[in-house]
Every structure is written in C-alpha cells, then in structure tokens.
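Encoded as structure tokens, the structure appears first; notes follow it.
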Amino acid sequence: MRKISIFGATGSIGESAFDLISRQGGPLAYETVALTGGYNVARLAQMAVELRAKCVVTAFDACLPELRGALNSYGARAQSIKASAGAQALIEAADQPCDWALSAIIGAAGLAPGFHVLRHGGTLALANKESLVTAGPIFMAESAKYGATLLPVDSEHSAIFQTLVGEDIATVERIILTASGGALRDWPYERLKTATLADTQAHPNWSMGQRINVDSASMFNKAMEIIETKEFFKVKPAQIEVILHPESIIHSMVAYQDGAVMAHLGAPDMRHAIGYALHYPMREKLPVPRLDFVALSQLNFKAPDLTRYPALRLAHEVMHQSGTFGAAFNAAKDVALDGFIAGQLGFMDMAPLVEETLSTLMRSNSLKNAPLSLDDVVQSDHLAKTTARVLAQKFS
Ligand code: NDP
C-alpha cells in the first residue's frame, strides 16, 4: 500500500485531495502517515479517523487541546492516532517517510515541511507555490540532491508539466500562463479601490480558499505563478507570458520553436491536477467534469493591463533581482493581504505597499542576491514582514 501524507489537509486543496483519496478506497487503498492542518481541528480529526492516519498535527500549539478533544470524541477509532502541534511537530511529520506527500499549506509556512519531505526522496506534489517563490533555487536543488520527484499541483504548472512530457525544454520558445482575471475582472479600473473582501470571493470559475481568491483578483497569484514557472521549469523570465482567458478552460500553453503551441484543456477543477500528481506517471479515471466543446462554443483571450495589475510588473522585478527578493516579495504580499482582509488596506493599496517594502529593503541593502540558504529566506521573510507592517500604517 502507498504511504501518503497531506500537509494542509483542511484547506481547499487538502479537501480536494481527501475527496480523491476517499473515493479510491481511503484507508483500504492508502496508508496515511500524517495529516496536518491549522485551526480547523474538528475537520482534521474527522479526516484522520476516516483515513486511519498514524499522526495528526495542528500548526498551532493553542489548538492541541481542542484537537485531542475532537479525536477523543471518536473513541476507540482514534485511539492509535498520535496528535501534536507546532512548527517542530510539522517537521517531525514531514520526516516520517512516505511515498507521496502533498504540500498544501498556505504561505511560507509550507516551505520547511516540503523541504524535509524532499529529503526522503519520495514524491512531493507541490501546491504550495510559496516554496518556489521564496526559495526556488535551493528547493529545486534539494529535490535533485535526494532524487525526489517534484510534481506541480498548481493547475497552470501541472498543465505545462503535462504539455512538456516527452519534449525537450530547450525547444521551448514561450510558456503562456493563462489567468482568469479573478472576481473583479469586469470592474472598471476606477472602482477597484473600493473593492471589499466579499467582492473578491466570488471567483468566476474556480472554488478556492479566501486568501488565494484575493490574490487571484489582484493577480498577485499570477505574479507568484510567473516566478514559480521560472524556478520549476528553469526558463528565462522573458519566455514567460501571461494572457487573460476568462473561461479558465486552457490551463496554460507551451509554444515550441517550430511554431507549434501545445495547450492543456480541462474543466476548472483542482482535482485534475491533484489526481494527475497522485497517479503520476499513470493517468487514472478522475471524477472531474468533462468538456463539452459545443456548449463552450468559444474561448477568449486578452492581454493583461499592467496598470490594473501592477503585481505582474513586480514579479519581473523580483526575478531580475533573484536571491532573497522572492522571500521578501511573498512576505510583503502576505502583510498587504492581511491588511486588506482586516479592512485596514484598500484593494489597490496592496501592490504599492509591496513595492515600497521592496524599495526600502533594497535601499538599506537588506536583501541578498545569491547564494541563498534556508536561514536567509527565513530572515528575509521576517524583515520584510516587519518593514511592511510599519509602512502599512501610512496606507491605513
Ligand atoms: P487554504 O487557506 O484553503 O488552506 C490552507 C491549509 O494550510 C489549511 O489546512 C490550513 O489549516 C493550513 N494552514 C494555515 N496556516 C498555516 C500555518 N501557519 N502553518 C501550517 N498550516 C497552516 O489554502 P488553499 O488550499 O487554497 O491553498 C494551499 C496552497 O495551494 C497555497 O500555497 C495556494 O497558493 C496553493 N494553490 C491553491 C489552489 C486552490 O485552488 N485553492 C490552486 C493552486 C495552488 P486550517 O484551515 O485548519 O486553519
């Protein structure tokens, strides 16, 4: 039986993975080594019982009593499940060997567990794009060093990966990332500054978590994906193009030097990319909607407006600088996002705050170009968060 672990099991991606695994027999088909979550301990306990997990971890110490209580309510069914909490417990869970692990924690907190999973050389299905944005070169090097199989779960990167099977990356001219434009894509530019959290949550095509819905509307998510593309596929920034595609049917495209363009199409359902990574290199039946081209009738494309989406321009600046700039960018973006979610920052204040944080850190020579270590990444994350929090006061 394949041994699996899910980091971030209670999130949007984690739930989709749980759905796939449960439909395929759950504990009869997979041995679940570890499941992790954060605040949603009731759901985490329920998942652990259903999959008969060996260990369960909440990222937050304060949630451990509630997690234990939730497990106790299952009586004998939960007796053998070991519960623990905190950052160190997450690392210990990641150190438990398994054949397949899903990295679906949100934010930079996903980096360290993913790093540890790579070290036992199994397969890491990577949804946590922050791992590549903050620490791409060392993350990829660690994967190669330990002979791990790293598979992308972001739908765009899974699409590109699938389109590249059997091809030589040296023959690629361009990678074309598609973007839905998020919930506010049809709003006039002038109105964007009044957007609220609720406005950003009505994603036209995908069902996702709260934070990524905001990032999708601001295109910070696409900015992260541009950097993720550069790191994962080792292409030049100039080879990466973003195109608005409101239907989210083409998940991305690869243009080759002979003029051919290969596109990956499918219904917007994350279970495709997760399922592909779960069964790789096989293609198994997946419970995702099938495309009906006649009903679709047309697919549309538009160039993104960089005034409306300054995050795309910032992504190119980060790639140009490299080193710890990715970690600082991600950290500043998270502070901006926290501020917007808390109602302290306007929707259009997020990008200026990120830009000002990066400029401040550059002026004080606080960011390193290269080489990079995990400690450098952690330090830059802290520094950028502190700087962004101070600067954020100007905007509120
Ligand atoms: P969610 O916010 O829905 O879930 C995040 C998960 O991480 C939850 O299990 C949450 O626990 C846990 N978590 C939150 N904070 C911490 C922390 N500090 N330490 C450890 N665990 C924590 O996120 P998504 O599922 O939407 O996204 C997960 C990752 O996948 C992100 O990197 C995102 O960019 C990427 N991704 C997501 C897509 C999507 O469709 N949602 C598509 C492609 C990529 P709890 O909920 O119990 O508090």
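Counting convention: from 1, in listed order, for ligands and their atoms alike.
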Item to check | Verdict with reasoning, F139 to T134, per side-chain contact (heavy atoms from CB on, under 4.5 Å) | outcome: CA-CA 9 Å; F139 201 80; T134 61; over 6 Å; no

Next on the checklist: Between R283 and Q162, is the side-chain hydrogen bond (donor to acceptor under 3.5 Å, both in side chains) condition met? List the steps.
Outcome noted: CA-CA 11 Å; R283 278 192 191 273; Q162 294 182 50; 3.0 Å; yes

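E247 pairs by the salt bridge (charged side-chain N to carboxylate O under 4.0 Å, His left out) definition with nothing, not counting sequence neighbours. Listed by chain and residue number, F60 satisfy the ring-ring contact (aromatic ring centres under 6.0 Å, His included) test with Y39 (two or more places apart in sequence, or in another chain). Remark: K368 pairs with D376 by the salt bridge (charged side-chain N to carboxylate O under 4.0 Å, His left out) rule, at least two apart or across chains.
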Quick one: ligand 1 N/O to protein N/O pairs below 3.5 Å?
residue: ligand 1; atom: 3 (O); partner: S12; partner atom: N; Å: 2.9
residue: ligand 1; atom: 7 (O); partner: I106; partner atom: N; Å: 3.4
residue: ligand 1; atom: 9 (O); partner: G8; partner atom: O; Å: 3.4
residue: ligand 1; atom: 9 (O); partner: T10; partner atom: N; Å: 3.3
residue: ligand 1; atom: 9 (O); partner: T10; partner atom: OG1; Å: 2.7
residue: ligand 1; atom: 9 (O); partner: G11; partner atom: N; Å: 3.2
residue: ligand 1; atom: 11 (O); partner: T10; partner atom: OG1; Å: 3.2
residue: ligand 1; atom: 11 (O); partner: G38; partner atom: N; Å: 2.9
residue: ligand 1; atom: 25 (O); partner: S12; partner atom: N; Å: 3.1
residue: ligand 1; atom: 25 (O); partner: I13; partner atom: N; Å: 2.9
residue: ligand 1; atom: 30 (O); partner: A127; partner atom: O; Å: 3.4
residue: ligand 1; atom: 32 (O); partner: E130; partner atom: OE1; Å: 2.7
residue: ligand 1; atom: 41 (N); partner: S12; partner atom: OG; Å: 3.3
residue: ligand 1; atom: 46 (O); partner: T10; partner atom: OG1; Å: 3.4
residue: ligand 1; atom: 47 (O); partner: T10; partner atom: OG1; Å: 2.7
residue: ligand 1; atom: 47 (O); partner: G38; partner atom: N; Å: 2.9
residue: ligand 1; atom: 47 (O); partner: Y39; partner atom: N; Å: 3.2
residue: ligand 1; atom: 47 (O); partner: N40; partner atom: N; Å: 2.9
residue: ligand 1; atom: 48 (O); partner: Y39; partner atom: N; Å: 2.8

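Centroid-to-centroid, the aromatic rings of H245 and F301 come within less than 6.0 Å.
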